[in-house]
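What you see below is based on every heavy atom in this structure, not just the backbone, and it leaves out hydrogens, waters and symmetry mates. Lettering of chains follows the sequences in order, A, B, ..., and the numbering in each one begins at 1.
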Amino acid sequence: MLTPWHIYCDGERLRGVLKHSWLENQIENVTPEQAVKWLTSSDRWLAFDEVFPMRIGEARELGQHLDEMFSPVSLVDQCAAFGGLDRSTKELFKGAIHQAYLETSRIADLQKPLLFAVDRLEAALNDFRAKCDNPAPNSPNAGSESWRNVLTVACDLKAILECLPKGVVFP
Amino acid sequence: MRFQGIKTSSKGLPLDSHFDEFSEWRSWRMQNPDTPEILVVHLQSSAESILADVIGPMGGHGHTVGVLFVTAERYAGVAQDVRQGLERKYPGQVHFLSYPVQNLRKGEPCQQDIRQRFTSFHAIICTLKETAEIPWHLLEPPPWPENIVAVYLALVAKERGTDVLETAITASVWQVADDQIQEIIGRYGEKDTVWDGFDFVNRAENSVKLESLKTVLSMIAEKQST
């Protein structure tokens, strides 16, 4: 996908936050032993309870609005040259650009894999919580095993985020 | 002025502790310990709480005159509305770097152009008085060329039957776009292979212009670092 100048957009912000602040800093860097200890300690794991659900929601939002979030349409209102266009012409213009971008970038092809990876990570996190909240006496390592699965699934989501463009996509 | 990592590590990690290859930063910190400072913060938590701690809601007490937020995310991962709110609240005193600085924790060398910007910035601020405006723009890459983008989008739409070339792309927009293209091509040293002899403004066919411009945008995308 063509992203000259890496022009900043909502999609790029979300991609960066999810990949770096969340997956790399708050999941990838946590060992199974740390994860189990933090979730089962009396202090609880605040990031797990408060940040992770928010990030899941943001990742889902990114997936659902992927085409809009990287669209060059946002540039039309930023270019002074188009300031004098009447409203209906501007809308036609934006529509033509957006359609060209969708066809040439094929960004929508990434939507399903992204949403699927988000669902899998959410399920893995829920499983981890369940294993820690209700540890089975005959499976003392179930929590650690479950976090290992979280790491694997998080790695898959990160791989998809790395495929996303790094700024506004040009048609 | 001098650079120094933030002291309250629970609010943000000191950049210099992760950035060993930036030996300049260590020497900056040792200079004139009583002079005003700019904090370089590897943002880990709330930018607002850091600013409230080190600058204060009324702005400018103590030695801290500015705070630069840097992470491996663009604009330190802070949403536009939050950023703009803080920039209004602390006018001229806060800056969120528009590009990511990678490998802050790994201590790997960062890109040459980023190093160059920080070096230039430091050289300038060392000469400034405390009341001077902090030249944050020196840390930033040039803005994207609006006229090239406008011409390109108009050509794309024209190809699809929506013509705004006549109404929006005036002679001066064409000319500025052409100048910007020549400057970019010259900067990348590709004049011979990409653009040599092509008269962008006067070339008649829009489809030719579009294809040529697409070539240039692809080259920019390939060569850009930030």
Does B:R74 come within less than 4.0 Å of A:E12, counting only side-chain N to carboxylate O? yes
Please look at A:I7 and chain B and tell me whether the side chain, the backbone, both or neither of the residue comes under 4.5 angstrom of a heavy atom of that chain. both
In terms of heavy-atom contacts, does NZ of A:K94 have more than 12 from other residues, nucleotides or ligands at under 6.0 Å? yes
Highest number of heavy-atom pairs under 4.5 Å with chain A: which of B:S218, B:G77, B:A150, B:A157? B:A150
At a 4.5 Å cut-off on heavy atoms, which part of A:E103 comes close to chain B: side chain, backbone, both, or neither? side chain
Among the listed options B:A76, B:P145, B:A154, the residue most often paired with chain A at heavy-atom distances under 4.5 Å: B:P145
With only heavy atoms counted, which part of A:L92 is less than 4.5 Å from chain B, the side chain, the backbone, both or neither? both
So, the part of B:I148 with a heavy atom under 4.5 Å from chain A: the answer is side chain
Part of B:I169 within contact of chain A (heavy atom distance under 4.5 Å): side chain
Quick one: are the ring centres of B:Y99 and B:Y75 less than 6.0 Å apart? no
Chain A contact via B:V151 - which portion, at a heavy-atom distance below 4.5 Å: neither
Option that, when pairs with chain B are counted at under 4.5 Å, heavy atom only, ranks first among A:Q78, A:K90, A:K19, A:R15: A:Q78
Note: A:E24-A:K158 ion pair, threshold 4.0 Å (strictly below): yes
Please determine whether a side-chain nitrogen of the Lys or Arg among A:D10 and A:R13 lies less than 4.0 Å from a carboxylate oxygen of the Asp or Glu. no
Considering only heavy atoms and a distance below 4.5 Å, find which of A:G95, A:G84, A:P72, A:A80 pairs most often with chain B. A:A80
Output, in order, the C-alpha distance, side-chain angles, deciding distance and verdict of side chain to side chain contact (heavy atoms under 4.5 Å, CB included) for A:F116 and A:I160. CA-CA 10 Å; A:F116 181 64; A:I160 293 171; over 6 Å; no
How are the rings of A:F170 and B:Y152 set relative to one another: parallel (under 30°), tilted (30 to 60°) or perpendicular (over 60°)? tilted
